[in-house]
Number of protein chains: 2
Amino acid sequence: MARKTGSHSDITGPKIRAAALRLFARSGFAAVSMRQIAAEVGVQAGALYLYTPDKQSLLFDLMQSHLQDLLAAWRAQPIGADPHARLKAFARFHILYHLDRPDAVFVAYMELRSLTADNFARIEILRRAYEDQLEDILRQGQAAGVFQVPDSKLATLAVIAMLTGVNTWYRREGRLSPERVADLYADMVLRAVGVP
Amino acid sequence: MARKTGSHSDITGPKIRAAALRLFARSGFAAVSMRQIAAEVGVQAGALYLYTPDKQSLLFDLMQSHLQDLLAAWRAQPIGADPHARLKAFARFHILYHLDRPDAVFVAYMELRSLTADNFARIEILRRAYEDQLEDILRQGQAAGVFQVPDSKLATLAVIAMLTGVNTWYRREGRLSPERVADLYADMVLRAVGVP
DNA sequence: GTCTATATGCTGATAGAC
DNA sequence: GTCTATCAGCATATAGAC
């Protein structure tokens with residue numbers, strides 16, 4: 001594609017999104033000004049409005065992209081039919097994927113209240129679609145007699161909360177590798193649903 | 001104690017704290033103005049500064065009080081020496097106590113980044129003291145051969161994340177009572193640490 | 001595509017009247 | 001103890017020059 005002289009739109013756009021994500025994660029959506037985002041990118045505040053209609057849309061786009069990418073990545077995972085293997089794969093996938101994107105995860109979980117009602121509803125649909133992936137596994141295992149899950153919805157929420165919690169304390173410099181953490185959590189998850 | 005005519009300080013103070021907690025939980029610390037808090041209470045913005053030196057102190061006091069109350073309430077629980085019973089009691093206590101104070105819990109977990117460095121450090125000490133209560137139980141059970149917890153710190157964080165997660169989805173109008181949720185979660189926690 | 005300049009309004013906090 | 005009035009600054013978003 002031809003590009004006009006002096007045009008930076010193909011690089012400035014992503015830079016704005018990256019800067020906004022980092023700042024929203026660190027300080028919170030309401031506490032970050034458009035001027036701060038612009039300063040991080042190296043442009044003036046007015047220039048941001050070439051790439052987003054307003055601040056709210058910027059937040060929504062970041063959250064929507066994160067959840068869409070998450071769903072696509074999980075659906076691209078090679079998984080078999082065995083409930084035990086599927087649950088273990090989900091637990092490991094969830095932790096490793098989330099540990100790789102701490103800022104996006106943080107914003108997607110903490111800034112739900114900063115969304116307008118319409119945008120919140122759209123994000124909720126994506127979040128539920130992801131939860132349903134896990135609930136299907138738990139139901140399948142329960143039906144097969146492999147898991148003991150008296151309430152599959154409750155167990156789904158419990159497992160996801162436990163797995164996502166890793167992001168609140170994990171530090172790259174710590175004593176455990178992501179792989180090790182993922183394995184230890186996968187074991188706890190399996191036991192929690194009744195696998196000895 | 002004698003009280004001056006026209007003085008409302010003994011009622012306005014708590015009202016300010018209650019309004020601030022509710023608004024901070026709903027919209028986030030940075031998104032709530034002192035004028036909004038004052039309007040909720042029914043006074044003018046300037047009057048708030050008779051009860052708090054600034055907005056930051058108001059947030060810190062709310063978080064500190066919540067964690068101090070939480071620790072005191074747990075320490076007042078009657079618990080025996082059996083690791084199995086102690087862990088079950090902790091899980092049930094954590095869920096029931098937290099479900100009763102959704103706003104305080106929400107603020108204490110979501111607004112950590114809104115604290116100054118000094119205040120953050122003081123809150124972290126309280127939070128760790130509470131986590132240590134659970135870790136002691138897990139270590140005791142591991143030593144007694146009742147639990148299978150290869151990494152007690154990791155298991156502590158996993159269990160707390162799972163239990164606290166209830167607050168993100170529980171609704172009073174829902175199909176499950178707090179007692180029922182607490183029991184179901186206690187079972188999952190016990191299984192997660194290796195109790196059959 | 002980015003800049004500067006600007007509009008309109010809200011922010012936390014303080015001073016002084018009552 | 002509460003009010004009104006106010007300060008100085010920063011917010012989002014837009015208009016028009018280059």
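A, B, ... follow the sequence lines: proteins, then strands. Residue 1 opens every chain. All values below were derived from every heavy atom in this structure, side-chain atoms included, with hydrogens, water molecules and symmetry-related copies excluded.
- The CD1 atom of A:I37 sits 13 Å away from the C1' atom of D:dA13 (whole-angstrom rounding).
- Rounded to an integer number of Å, the gap from CG of B:D54 to P of C:dG12 is 11 Å.
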Find every protein N or O atom lying less than 3.5 Å from an N or O atom of nucleotides 7-11 of chain D, and list the pairs.
residue : atom : partner : partner atom : Å
D:dA11  : OP1  : A:S33   : OG           : 3.2

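- Identified under the salt bridge (Lys or Arg N to Asp or Glu O under 4.0 Å) test for residues 52-73 of chain A, with sequence neighbours left out: none.
- In terms of the side chain to side chain contact (heavy atoms under 4.5 Å, CB included) criterion, residue partners of B:T156 (sequence neighbours excluded) are, by chain and number, B:E131, B:L134, B:E135, B:L138, B:I160.
- Across the helix from C:dG1-D:dC18 to C:dC18-D:dG1, the helix axis at one end is tilted relative to the axis at the other end by 0° (nearest 10 degrees, each axis from five pairs).
- Partners of B:A158 by side chain to side chain contact (heavy atoms under 4.5 Å, CB included), not counting sequence neighbours, listed by chain and number: A:M162, A:Y185, A:M188.
- Atom OH of B:Y49 and atom C1' of C:dT11 are 9 Å apart (whole Å).
- Between the side chains of B:H98 and B:Y170, not a single donor N or O lies within less than 3.5 Å of an accepting N or O.
- Evaluation of the side chain to side chain contact (heavy atoms under 4.5 Å, CB included) rule for A:R171 yields A:E173 as partners, not counting sequence neighbours.
- Proximity of A:T12 to the phosphate of C:dG1: no side-chain N or O atom is located under 4.0 Å from OP1 or OP2.
- Considering only residues two or more places apart in sequence or on other chains, A:Q44 meets the side chain to side chain contact (heavy atoms under 4.5 Å, CB included) condition with none of them.
- B:I11 places its CD1 atom 11 Å from the P atom of D:dT2, with the value rounded to the nearest Å.
- Residue pairs meeting the salt bridge (Lys or Arg N to Asp or Glu O under 4.0 Å) criterion with at least one member in residues 23-45 of chain B, sequence neighbours excluded, are B:R22-B:E40.
- For the pair A:Q44 and C:dT4, the criterion of a side-chain N or O lying under 4.0 Å from OP1 or OP2 is met.
- Rounded to whole Å, the distance from CG on B:L50 to P on C:dA13 is 14 Å.
- For residues 70-99 of chain B, every residue pair satisfying the salt bridge (Lys or Arg N to Asp or Glu O under 4.0 Å) rule, not counting sequence neighbours, is listed here: B:R92-B:E179, B:R92-B:D183.
- Between A:F90 and A:W74, the distance separating the two ring centers is shorter than 6.0 angstrom.
- Whole-Å rounding puts the A:Y51 OH to C:dT2 C1' distance at 8 Å.
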